[in-house]
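Report on the structure given below.
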Amino acid sequence: MMSRKAPFLSTTLMKAVVVSKFGGTEVLEVKRNVPIPQVQNDEVLVRVAAAGVNPVDTYIRSGNYGNLPILPYIPGNDMCGTVVQCGNSVENFREGDRVCSFRTVGGAYAEYTTVKEQHLLKLVETYDFVKGAAVGTPFLTAYRALFHDTSIKPGQKILVHGASGGVGVPAVQMAAAHGLEVYGTAGTEEGMEMVKKLGAKYVFNHRKEGYASEIKLAANNEGIDVIVEMLSNVNLARDLDLVAKNGTVLVVGCRDMIEINPRLLMTKESRIQGVMVNAATDKELHESVSFIEAGLRNGVLDPVLGPKYSLSDVQQAHEDIIHSYGSKGKMVLIL
Ligand SMILES: NC(=O)c1ccc[n+]([C@@H]2O[C@H](COP(=O)([O-])OP(=O)(O)OC[C@H]3O[C@@H](n4cnc5c(N)ncnc54)[C@H](OP(=O)(O)O)[C@@H]3O)[C@@H](O)[C@H]2O)c1
């Protein structure tokens, strides 16, 4: 059953980025005559102020992803804004609430979108919408990597391999808050400085020759208990060398094939585990959202904003999130 129509809107049309065929960045078109989505019973309609850009948005846009949307579609999962209408069965949110999300029904790169109630977080009062748009997928992913189906213990050594980007930032913050000894990497001095400030004890430059030997030395040649890997196609073989006996490599990011020597897994009885944020059950999502909301409120977690782009620069944003380096936090589109 559809809920009541939104009486507050003077128009039924909105501005949004629309993809009508899969391909390069040129398929991202800003259109002004897109119908505002109708809210369903268990959804809210949000007036979007800012949207987070994630690497997965580019994989989907190019058609290189397992689960593709039906064309045409509006890209994006992460957004932040104000609730303007609630479906009839929505219980915990009301019109005027400031919210952010990691999964939308209508797509995030748009003036309005619909979101299921269980995919909403309440925005921290002191945050502006742009900062709120930096939460979403990266925080959910970091939580899933660290705390779902692993046995990470305080005092263990963790390497966040790619700590300066969207997922790396919350992974470092969560690991430090959990009492782990955090090792992080970034590709620039500025990125390294930021990772250190986030709570890493040791920071390395993943573009510097021989940095893996420096990591080994810092870990007293004991190995790293848990490695959170953002670029497995480049680093997995190195990770299997760095990981401790009985340690775990968590594959979060991977963009190509890589050859590894499985013998390394045998000698250390170590393991490689995949991480997929979208595989979380509703119960796990509730757990993640509860943890993240609490962490943001008490300041243990704090999103770091990276580059900001206007909606009209969406093509450049997609180009940059894949091809530029020197990450310092999360990329956001301003609506
Ligand atoms: N499995 C899942 O559910 C899931 C969910 C979200 C994201 N992901 C994937 O995880 C990866 C990271 O996502 P993100 O949002 O953090 O992307 P991002 O914001 O673009 O950050 C990319 C990170 O990778 C680092 N990096 C670059 N070269 C590296 C290297 N040789 N070794 C180690 N790290 C390197 C970057 O550091 P510098 O720029 O400082 O060099 C930066 O810290 C992406 O591939 C994304 O698709 C997976």
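Remember, it's 1-based here, ligands and their atoms both numbered in the order they're listed.
Using a 30° and 60° split on the angle between ring planes, Phe291 and Tyr143 fall in the tilted class, from 30° to 60°.
Of all the atoms in ligand 1, the ones that sit under 4.0 Å from a non-hydrogen atom of Gly253 are 9 (C), 10 (O), 11 (C), 45 (O). The contact set between ligand 1 and Val277, taken as ligand atoms under 4.0 Å from a residue heavy atom, comprises 2 (C), 3 (O). Near His161, meaning under 4.0 Å from any of its heavy atoms, are these atoms of ligand 1: 33 (C), 34 (N). Of all the atoms in ligand 1, the ones that sit under 4.0 Å from a non-hydrogen atom of Arg255 are 44 (C), 45 (O). Near Gly165, the atoms of ligand 1 lying under 4.0 angstrom from a non-hydrogen atom of the residue are 16 (O), 19 (O), 21 (O), 42 (C), 43 (O). Contact atoms of ligand 1 toward Ile321: 20 (O) (distance under 4.0 Å to a heavy atom of the residue).
The shortest N or O to N or O distance between Gly326 and ligand 1 is under 3.5 Å. At least one N/O-N/O distance between Gly166 and ligand 1 falls below 3.5 Å. Between Gly187 and ligand 1, an N or O atom pair is found at a separation short of 3.5 Å. Annotation: Tyr211 places no N or O atom under 3.5 Å from an N or O atom of ligand 1; distance criterion only. Considering backbone and side-chain atoms together, Ser164 places an N or O closer than 3.5 Å to an N or O of ligand 1. Considering backbone and side-chain atoms alike, Thr188 places every N or O at 3.5 Å or more from each N or O of ligand 1. The distance criterion of under 3.5 Å between nitrogen or oxygen atoms is not met by Val56 with respect to ligand 1. Checked against a 3.5 angstrom limit, the closest N/O atoms of Glu229 and ligand 1 fall outside it. Geometrically, ligand 1 and Val234 share no nitrogen or oxygen pair separated by less than 3.5 Å.
Of the options Val167, Leu231, Asn77, the smallest heavy-atom separation from atom 13 (O) of ligand 1 is shown by Val167. Summarising the contacts of atom 25 (C) of ligand 1 with Met276, His206, Met230, the nearest heavy atom is found in His206.
Counting heavy atoms of neighbouring residues, nucleotides and ligands inside a 6.0 Å radius, atom NZ of Lys308 does not exceed 12 of them. Within 6.0 Å of the NZ atom in Lys328, the count of heavy atoms belonging to other residues, nucleotides or ligands does not exceed 12.
Under 3.5 Å, the side chains of Ser89 and Asn41 contain no donor-acceptor pair of N or O atoms. Side-chain contact annotation: Asn54 with Asn77, donor-acceptor N/O pair under 3.5 Å absent.
Listed for the Gln315 side chain is a donor-acceptor partner under 3.5 Å among the backbone atoms of Leu28.
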Report task. Report the C-alpha separation of Tyr211 and Phe204 in whole Å, then their side-chain angles, then the decisive distance to 0.1 Å, and conclude whether the ring-ring contact (aromatic ring centres under 6.0 Å, His included) test is met. Result -> CA-CA 6 Å; Tyr211 76 98; Phe204 307 88; 7.4 Å; no

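Distance from atom 46 (C) of ligand 1 to its nearest protein heavy atom, with residue and atom name: Tyr59 OH, 3.6 Å. Protein heavy atom nearest atom 2 (C) of ligand 1, with residue, atom name and distance: Val275 O, 3.6 Å. For atom 32 (N) of ligand 1, the closest non-hydrogen atom on the protein side is Asn235 ND2, 2.8 Å. The closest protein non-hydrogen atom to atom 36 (C) of ligand 1 is Ser327 OG, 3.7 Å. Among all protein heavy atoms, the one lying closest to atom 48 (C) of ligand 1 is Val252 O, 3.0 Å. When only non-hydrogen protein atoms are considered, atom 15 (O) of ligand 1 lies nearest to Pro55 CD, 3.4 Å. The closest protein non-hydrogen atom to atom 6 (C) of ligand 1 is Thr141 OG1, 3.5 Å.
Here the side chains of Met14 and Pro37 are in contact, with some heavy-atom distance below 4.5 Å. Residues Leu123 and Cys80 have side chains in contact (heavy-atom distance under 4.5 Å, counting atoms from C-beta outward).
The residue Met331 has no part lying near ligand 1, judged by heavy-atom distances below 4.0 Å. Residue contacts with ligand 1 for Arg207 involve side-chain atoms from C-beta outward but no N, CA, C or O (heavy atoms, distance under 4.0 Å). Using a 4.0 Å cut-off between heavy atoms, Val251 makes no contact with ligand 1 at all.
Salt bridge absent: Lys122 and Glu293 never bring a charged side-chain N and a carboxylate O closer than 4.0 Å. By the 4.0 Å N-to-carboxylate-O rule, Lys216 lies close enough to Asp241 to be salt-bridged with it.
A distance of 5.5 Å separates NE2 in His119 from CG in Leu285, rounded to the nearest 0.5 Å.
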